[in-house]
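In listed order, ligands and their atoms are each counted from 1.
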Amino acid sequence: MNILMISAEMAPFAKVGGLGDVVTALAGALAGRKHDVRVVLPLYGHLDRTREKIRPIAKLPSVALRVGQEMHDARYHLMGSPRSRVKIYLVDCPTLYGREGIYTDSRGDSFPDALARAALHGQAALQLAGLLDWPVDVVHAHDAEACPALLYRRHWYAGRGLPGPGGCVLTIHNLAHQEIHPPEGVDTLGLQRSMASYPGLLEFHGKVNLLKAGILAADRVNTVSPTYAEETTADETFGCGLQGVLAGRGGDYNGILNGADYATWDPRRDPALPAGYTAQDLSGKEVCRKNLLAELGLKADQNKPLCGFVGRLVHQKGIDLALPLLGRLADDGFSFAILGTGDRKLEAAVRKAAERHPDKVAFIGAFDEALAHRIYAGSDLFLMPSLFEPCGLSQMYSLRYGTLPVVRRTGGLADTIIDAKRRNGNGFVFDEASPEDLLAALRRAEVLWADRAAWRKMQERGMKCDFSWSVAAGRYEKIYRAAKNAAAAQVKQHGRA
Ligand code: ADP
């Protein structure tokens, strides 16, 4: 199949969280199964054109695209090796993308022209397929930012522009990010005003909501774990106001568990680590632990676990549950390596805890890919007390690195981590979103930690867990086919794409 992916993120060069990892790995897995996968992203200001081998496509003309009242010129670039199986196209439009940041500026504030950025991205991606005369079987949009492409596919490109009556697929990586804008946003998108008032696709409590529109416009919708798919249709807390819209899609909405890219996340040959290791020989992990402690200036108690955290510092990740415990656990000899950026208040609170317990709590308020690898490898436990978690990749990486996850039973965490109490346990699971329940799970981990043989067994079991992408890629193929058939059926019925 010819698959056109549209995403704001792609690891490692444009990554904020799991979305970036997923797009890279899924595109690679699909290309490995002989599909022609092309990903279109904005050419962000932070990208180093020489290092990333970014070059303009001379044979493609620049295109003039309308966003609201303004016309923008955009040029197409290609990135990476010409031999790579996945083709990565970048849309160069300096007025909209020529600055640092993917969603936010350096202060963490959302870009005020986010809607314009998304609108141009969607138009440019569809236009590209037309210019290349490349018959698209599936337009696969990732998250709210990519939803305009689905709307244009349906409402503008009916019978023109995009070759082939391709199907539309939307993957929701996080329902909390919906891109909600004032109703005038419909003009920025250049769509009919009626779409922004009830019962228009975009209308959401008097505003426009890109994700809602995408859910309704796509032929098939999925999210990134079966449990999160259930949670988001059942409950306002998880559904973030879109539970009814999702439930209304019935069997066309489902959950496909993400995979982990074990080529990148492999403790045996990870260039970021001071020593490699395997499930059979964990001596390298001990080296990683010692090095990490030295790197972060921690004086860990050898008899107490070192807990790692790598993630966005936002309420979703359950940091608030861990914060009240840090001091007490540090006094008990636990140590913590915390890497993350996000909410300024949460960052300040973690920083304060680190200042109070400099020997036991290290906080690095940065985005640092290599250090993330060293934390996965050097820690004994990995903290993921998320309030909700669409899938979560960090727990899968931790397992592969022999670091046992401590997680709340929600979303993809519920689908991947089995509590130590069970015969095939690979981590520690708690239910209530409370510091007390998290503490109880950590205490259980502490007890197991003291029993080195039992701990070793569970580590080995965790390292052998296999969440590789091949299973998920097969499931995506299925929904691609279903979306393509649904789109073809529509063409038959209405006589247009
Ligand atoms: P989410 O998508 O909600 O952010 P996931 O667990 O799915 O959470 O994926 C998070 C990804 O982002 C992981 O690869 C994690 O290692 C990475 N990550 C998050 N914050 C940082 C950071 N500060 N430095 C390096 N990597 C990070």
Donor-acceptor pair between T264 and D261 side chains, under 3.5 angstrom: yes
Proximity to ligand 1 by part of K317, non-hydrogen separation under 4.0 Å: side chain
L306 vs L292 side-chain heavy atoms within contact, under 4.5 Å: yes
Residues D419, R422: salt bridge by 4.0 Å N-O rule: no
Y376 neighbourhood, listing ligand 1 atoms whose heavy-atom distance to it stays under 4.0 Å: 13 (C), 15 (C), 16 (O)
Part of H173 within contact of ligand 1 (heavy atoms, under 4.0 Å): neither
Contact partition for A366 relative to ligand 1, non-hydrogen atoms under 4.0 Å: backbone
Close N or O approach (T341, ligand 1; < 3.5 Å): no
Any G340 heavy atom less than 4.0 Å from ligand 1: yes
Polar contact flag for A372 and ligand 1 (N/O pairs, less than 3.5 Å): no
is_close_aromatic(W265, Y376), centroid dist under 6.0 Å: yes
Nearest protein heavy atom with distance in Å, relative to atom 4 (O) of ligand 1: R312 NE, 2.8 Å
Lys/Arg N to Asp/Glu carboxylate O, R409 vs D437, below 4.0 Å: no
Residue that, paired with D332, satisfies salt bridge (charged side-chain N to carboxylate O under 4.0 Å, His left out) out of R443, K360, K304: R443
Contact atoms of ligand 1, heavy-atom distance to V310 under 4.0 Å: 16 (O), 18 (N), 21 (C), 26 (N), 27 (C)
Under 3.5 Å: N/O of S394 near N/O of ligand 1: yes
Polar proximity ligand 1 side, W265 side, N/O cut 3.5 Å exclusive: no
Heteroatom distance test (Y397, ligand 1): nitrogen or oxygen, under 3.5 angstrom: no
Any donor-acceptor N or O pair under 3.5 Å, side chains H142, E9: no
N426-Q459 side chain donor-acceptor pair, cut-off 3.5 Å: no
Shortest protein heavy-atom distance from atom 27 (C) of ligand 1, along with the residue and atom involved: F367 CE1, 3.5 Å
Any N or O of E369 closer than 3.5 Å to N or O of ligand 1: no
Residue pair Y277 / D270, side-chain donor-acceptor N/O under 3.5 Å: no
Short side-chain donor-acceptor distance under 3.5 Å, T403 and K285: yes
N222 and T171 side chains, donor-acceptor separation under 3.5 Å: yes
Shortest protein contact, atom 19 (C) of ligand 1 (heavy atom only): G311 CA, 3.6 Å
Protein contact of atom 10 (C) of ligand 1 - nearest heavy atom, named by residue and atom, plus distance: G18 N, 3.6 Å
Polar proximity ligand 1 side, L393 side, N/O cut 3.5 Å exclusive: yes
Ligand 1-proximal atoms of D21, by part, heavy-atom distance under 4.0 Å: side chain
Atom 24 (N) of ligand 1: the protein heavy-atom neighbour that sits closest, reported with distance to 0.1 Å: D368 N, 3.0 Å
Heavy-atom donor-acceptor pair, R312 side chain to G342 backbone, under 3.5 Å: no
